[in-house]
Amino acid sequence: MLLKRSAVFARCYGIVIARRAASTKLGAGQMPKIPSPKHLKGFLDEYIVGQETGKKVLSVAVYNHYLRVNDKIKKDDLEKERLLLECNAQAELEAQEKHNLDDELVPRNEAQAGLKNLQRQLEETRALSDEAAKNADDDLELSKSNVMVIGPSGSGKTLLATTLARILEVPIAITDCTQLTQAGYIGEDVEVCIERLLVDADYDVSKAERGIIVLDEIDKLAKPAASIGTKDVSGEGVQQALLKIIEGHKVEIVVERPVKSTTDNKNNQTVQKKEETFVIDTSNILFMIMGAFVGLDKHVARRIESLKSLSKGGPDAVADPQKTKNDKESQFSNAIENIELSNGKSVSALNLATPTDLVSFGLIPELIGRVPVITALEPLQRTDLFHILREPKNALLDQYEYIFKQFGVRLCITESALRKVASFALKEGTGARGLRGIMERLLLNVNYECPESGISYVLVNESTVDSLQQTEYSLASQVDAKYYSRGQRDDLIRDVYLEDAELGAVLDEEFGRTPTIKKNKSA
Ligand SMILES: Nc1ncnc2c1ncn2[C@@H]1O[C@H](COP(=O)(O)OP(=O)(O)OP(=O)(O)O)[C@@H](O)[C@H]1O
């Protein structure tokens, strides 16, 4: 009996500790409401132009990931609840048993009836919790699904990840894989990505444990064919080191956490830091692995062409290589190979990349195996770049208009000027990333001239962009626009209408003018 009691005590003691931990963490980490894939995609549409397939694939993958996270947390909580219920009933039974049997005032038969009653309650509790566990499909565990996003530089890979983190209100950490090395070598250890996530989660472990880690430039870890047999501490070594954390593992990290800031006599603020150890379980963290994988499209195109030639029966049947080229944009070095499908549609070769292609590229199969969802982003076309300039939330045009408004100037950029900027960016071949640089060069001189100058309106039109294209970067200061004082507002509107009737109408409305009838050159 003594042995039995001490066993029960030990069990209850253990569970009471679990109860304390559970009561503070119960439901912690669970997402309150996961937006549906359609809702997620709709939100992405507001910020990201094009990339329809990528946005759809990611919306579904992210939705499923967080369903799994919630399911896992729910099951863990249920199990804790179950143990608690059982423990409480058992502890009460033990206490009552002792009390009733020791108390001489309680008649023997009443004490025994009371105990029987408690025993029945305990049985009922067990049956109820067993039933709840059965209903929750306890044995079924959803597996982790990390995501790989392949796409040319500046196509929106990082923007997709950060936008998703924003809608889901989860912390995010972006790590450039080229900085990582195997533990013990000069460079950053792979655990640095978890440390960054923890910082973004404001040192809240449960928040960090459901965050997103982006491993950017993963393609730079590809094992070069020449490295076979040699130790590759920054490529294959890092891929190996990433395996555990990507799959789901408890990782211990020591971070220097800022605790308080003090001000010395000279009014200098110093932040005091304290070393703290955290244990982070990475099994609910969503890993998004990204890279441009330059050359992968050519590899895929070759593989598909050789498959086609095999199915048609010999070298004579090899498809015209021109067919796999991007139609208009192929003259640019970063153009991605296109593949013509049997239904006549043309898709980017990156969309047809298989895990085997990625292994041929130099990623290790174990890493690819842990990332079951693979999607590719399309290289952005001229029209995408034009839309990116003015349509999404946070569009560059809105940003520049806002900056100019701060010093009292209405910046007007015509549609044809923006289309020229888009063409210019396409030629530079850096995707949407290049747009910012071009806009900076375009507006450098204007931005220099306007503040505190008496200028109220600036018009940047097609010829302004032409003058930028004719100059070298160093001569960007020679790019000029049209400037107007407050009294020349009508001149501005007239000039705007010559190139962009839509913008003219916007200005008419903005200034409370009667709409101008003559809406364009031909009118
Ligand atoms: N499809 C898009 N829609 C809207 N904006 C975009 C899009 N693609 C890129 N951008 C803009 O270009 C900038 C760079 O994009 P992002 O950092 O997401 O590119 P990336 O694909 O991650 O490039 P890299 O491989 O060089 O890191 C973003 O800040 C964003 O403003």
Side-chain angles (χ1 to χ4, degrees), residues 40-59 62 147-167 172-180 193 196 212-222 287-297 329 332-336 348 350-351 353 361 363 374-403 418-419 421-422 424-442:
L40 283 171
K41 160 94 172 34
F43 192 82
L44 291 177
D45 285 341
E46 289 179 25
Y47 290 86
I48 296 143
V49 170
Q51 313 300 10
E52 292 304 309
T53 314
K55 286 190 280 195
K56 209 167 179 178
V57 171
L58 283 178
S59 301
V62 165
V147 185
M148 179 176 295
V149 186
I150 303 172
S153 177
S155 57
K157 300 184 293 294
T158 318
L159 183 64
L160 269 168
T162 48
T163 311
L164 281 168
R166 187 182 313 165
I167 184 176
I172 182 165
I174 301 169
T175 299
D176 181 349
C177 290
T178 53
Q179 312 287 326
L180 304 178
C193 58
R196 284 184 190 141
I212 297 177
I213 290 184
V214 175
L215 297 170
D216 204 3
E217 315 270 6
I218 194 86
D219 49 327
K220 306 294 184 312
L221 300 181
F287 284 86
M288 295 181 83
I289 295 177
M290 302 178 171
F293 289 85
V294 175
L296 179 68
D297 56 317
E329 331 289 7
F332 305 118
S333 56
N334 72 333
I336 304 289
S348 150
L350 290 178
N351 266 316
F361 191 88
L363 293 192
I374 302 176
T375 187
L377 300 190
E378 302 283 338
L380 295 166
Q381 301 301 316
R382 191 180 291 110
T383 36
D384 298 324
L385 293 169
F386 166 69
H387 290 308
I388 287 171
L389 277 170
R390 64 175 200 174
E391 270 154 38
K393 277 195 179 165
N394 258 348
L396 274 181
L397 182 61
D398 293 342
Q399 293 183 33
Y400 283 109
E401 282 180 357
Y402 182 77
I403 294 172
L418 292 175
R419 287 195 188 278
V421 169
F424 204 176
L426 189 70
K427 274 190 205 150
E428 285 196 349
T430 46
R433 197 178 279 291
L435 291 171
R436 177 84 206 235
I438 297 172
M439 291 298 283
E440 285 293 324
R441 274 138 63 191
L442 184 69

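The basis for the numbers below is simple: all heavy atoms, side chains too, and nothing from hydrogens, waters or symmetry mates. Both ligands and their constituent atoms are indexed starting at 1 by order of listing.
Under the salt bridge (Lys or Arg N to Asp or Glu O under 4.0 Å) criterion, Lys55 pairs with Asp45, Glu52, not counting sequence neighbours. A search for ring pair (Phe, Tyr, Trp, His ring centres under 6.0 Å) contacts involving Tyr400 returns nothing, not counting sequence neighbours. For Phe293, the ring pair (Phe, Tyr, Trp, His ring centres under 6.0 Å) partners are Phe361, not counting sequence neighbours.
Residues Met148 and Leu363 form a side-chain contact, since some pair of their non-hydrogen atoms from C-beta on lies under 4.5 Å apart.
Using a distance-only test at 3.5 Å, with no hydrogens or angles considered, no donor-acceptor pair links the side chain of Lys157 to the main chain of Ala376. With hydrogens and angles ignored, the 3.5 Å screen pairs no side-chain donor or acceptor of Lys220 with any backbone N or O of Cys177.
Ligand 1 is surrounded by Tyr47, Ile48, Val49, Pro152, Ser153, Gly154, Ser155, Gly156, Lys157, Thr158, Leu159, Asp216, Leu380, Ile388, Ala432, Arg433, each with at least one heavy atom closer than 4.0 Å.
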